[in-house]
Amino acid sequence: MAREAVRRLPEGTLSLWKREQAVLKARVVDRDTEAWQRDPAFSGLLRVGGLDVSFVKGDSVSACASLVVLSYPKLEVLYEDCRMVSLTAPYVPGFLAFREGPFLVDAVQRLQEKEPHLSPQVLLVDGNGVLHPRGFGVACHLGVHTDLPSIGVAKKLLQVDGLENNALHKEKIRLLQAGGDTFPLTGGSGAVLGMALRSHDHSTKPLYVSVGHKMSLEAAVRLVRSCCRFRIPEPVRQEPESTETKDMPPGRLRRAHPQSRP
DNA sequence: GCGACAG
DNA sequence: ATCTTGTCGC
């Protein structure tokens, strides 16, 4: 297979990135700031955004940066922007935001400028929030840069602060009985960094939800749960996952998935 | 043995 | 992330 152009990072880049994470981390707000977040039915929440970068098969450079906005609570597609981009930074664990973040921030800002009435009130981000080696994952990054509430939704446990995907953890997963069941991810420091969430009755593998920005963990988990028809919450799942959608011109609208029950 | 490591 | 072989785990 063709070796990808994954150039080594210039010396000192990681130090700069760490410094930037530390600076931006000081701006994270890890509590509810919006009225709808405290409402049991999320009354007042009308639009939920989902952000993701999906790759072209066998290529670690060409990718599609996409933003989907769904109505709430019906989860119908209001807007979708999918733009082909060339990723420059390599993937370095703990620094995902520096690879994918800029394109996703762009997508949000384009929408806010051109169609502000469709702007999301909260962002679901594929990756972690404060559940991160330095407490500042890609979801925090997007939240701070857009000043929107954001939530990190990861599909795998990032082993940080003593958290381990070990036998005990797997046993806790096994004990999650029904959709909506959770257990806290408590780091060695005693802080609850996130929650493992069984997002659906028929889903064995949990989601790892953590605060990104301007939202409490409790509200974040509740919202993710309420956005799940299947394992992956709709705003993130709606992102193009097959090559067919990647070939679409930017800004084109896609049909919603068939709705189960209004 | 050579480990963990979101996407 | 994607592809892929394989079949336990500390």
Side-chain angles (χ1 to χ4, degrees), chain A residues 1-6 8-9 13-14 17-18 21 24-25 28 50-68 82-105 107 123-143 150-171 173-174 185 187-188 193-197 199 205-213 217 220 224 231-233 235-237 239-246:
Chain A
M1 118 168 88
R3 187 170 291 278
E4 304 299 342
V6 180
R8 245 174 50 95
L9 286 170
T13 301
L14 284 188
W17 285 356
K18 284 182 188 175
Q21 286 176 334
L24 295 175
K25 176 174 160 52
V28 168
L51 289 167
D52 189 26
V53 170
S54 46
F55 288 80
V56 173
K57 285 182 191 173
D59 190 333
S60 65
V61 173
S62 302
C64 173
S66 45
L67 163 63
V68 170
C82 173
R83 179 163 298 203
M84 292 304 303
V85 298
S86 293
L87 300 183
T88 53
Y91 170 65
V92 183
F95 300 92
L96 178 63
F98 296 92
R99 175 165 166 81
E100 304 185 345
F103 305 102
L104 300 177
V105 172
L123 298 172
L124 301 200
V125 183
D126 201 344
N128 289 296
V130 301
L131 177 52
H132 178 274
R134 287 164 299 280
F136 194 78
V138 63
C140 302
H141 207 97
L142 294 190
S150 66
I151 302 171
V153 183
K155 297 181 285 295
K156 295 192 295 196
L157 176 66
L158 184 54
Q159 306 191 154
V160 59
D161 193 20
L163 292 171
E164 275 186 290
N165 184 19
N166 55 17
L168 174 58
H169 181 81
K170 293 189 172 85
E171 176 63 11
I173 290 174
R174 206 183 59 76
L185 302 166
L193 302 177
M195 298 282 275
L197 166 70
S199 58
K205 207 171 146 54
L207 297 176
Y208 297 96
V209 178
S210 58
V211 170
H213 188 43
L217 179 57
V224 170
R231 177 180 176 242
I232 306 298
V236 177
R237 194 182 77 89
E239 314 287 350
E241 287 169 15
S242 61
T243 338
E244 52 166 332
T245 53
K246 292 188 177 109

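Below, each value reflects all heavy atoms present in this structure, side chains not excepted, and no hydrogens, waters or symmetry copies. Chain naming here is simple, since letters A, B, ... match the order of the sequence lines and numbering starts at 1 in each.
- Using bins of under 30°, 30° to 60° and over 60° for the plane-to-plane angle, the ring pair A:Phe98/A:His141 lands in the perpendicular bin.
- One finds no side-chain N or O of A:Lys156 lying less than 4.0 angstrom from the OP1 or OP2 phosphate oxygen of C:dA1.
- Spacing between atom CG of A:Leu207 and atom P of B:dA6 amounts to 15 Å, rounded to whole angstrom units.
- Residue-level contact check: A:Gly94 touches the bases, meaning some heavy atom is under 4.0 Å from a base atom.
- Residue-level contact check: A:Val138 touches the bases, meaning some heavy atom is under 4.0 Å from a base atom.
- Of the possible polar contacts, one joining the A:Ser210 side chain to the A:Gly129 backbone as a donor-acceptor pair under 3.5 Å is found.
- Between C:dG6 and B:dA4, the two C1' atoms lie 22 Å apart (nearest whole Å).
- In this entry the distance linking CD1 of A:Ile151 with C1' of B:dA6 reads 16 Å, nearest Å.
- Protein atom CZ of A:Phe95 is 19 Å distant from nucleotide atom C1' of C:dA1, rounded to whole Å.
- Between A:Asp161 atom CG and B:dC5 atom P the separation is 14 Å, expressed in whole Å.
- Residue-level contact check: A:Asn128 touches the bases, meaning some heavy atom is under 4.0 Å from a base atom.
- Here the side chains of A:Lys205 and A:Lys156 are in contact, with some heavy-atom distance below 4.5 Å.
- Side-chain contact check for A:Pro133 versus A:Leu158: some heavy-atom pair is nearer than 4.5 Å.
- Contacts of A:Leu157 with the nucleic acid, taken as non-hydrogen atoms under 4.0 Å apart, involve only primed sugar atoms and P, OP1 or OP2.
- Under the 4.5 Å side-chain criterion, counting only non-hydrogen atoms from C-beta, A:Cys140 is not in contact with A:His213.
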Response to the item:
A correct dot-bracket answer for DNA chain C, with pairs being Watson-Crick or G-U at under 3.5 Å, [ ] for crossing pairs and | for inter-strand pairs, is ..........
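- As rounded to the nearest Å, B:dC5 and C:dT7 have C1' atoms that lie 25 Å from one another.
- Separating the C1' atom of B:dA6 from that of C:dC8 is a span of 26 Å, rounded to the nearest Å.
- Taking atom NE2 of residue A:His132 and atom C1' of nucleotide B:dC5, one finds them 11 Å apart after rounding to whole Å.
- In this structure, A:Tyr91 reaches the B:dA6 phosphate: one of its side-chain N or O atoms is under 4.0 Å from OP1 or OP2.
- Where pairing requires Watson-Crick or G-U contacts shorter than 3.5 Å, DNA chain B shows no helical stem with at least three consecutive pairs.
- Protein atom CG of A:Leu158 is 14 Å distant from nucleotide atom P of C:dA1, rounded to whole Å.
- In terms of modelled atom types and a separation under 3.5 Å, the side chain of A:Gln159 and the main chain of A:Asn165 share a donor-acceptor contact.
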Fill in: Derivation of the side-chain contact (heavy atoms from CB on, under 4.5 Å) call for A:Leu9 and A:Trp17
CA-CA 11 Å; A:Leu9 286 170; A:Trp17 285 356; 3.8 Å; yes
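- Side chain of A:Ser150 to backbone of A:Leu123: no donor-acceptor contact under 3.5 angstrom is found.
- Put simply, NZ on A:Lys57 is 14 Å from C1' on C:dT4, counting in whole angstrom units.
- A heavy-atom distance below 4.5 Å is found between the side chains of A:Lys155 and A:Asp126.
- Here the separation of C:dT5 from B:dG7, taken at their C1' atoms, is 23 Å to the nearest Å.
- C:dC10 and B:dC2 have their C1' atoms separated by 13 Å, given to the nearest Å.
- Nucleotide C:dT2 holds its C1' atom 11 Å from the CG atom of A:Asp59, rounded to whole Å.
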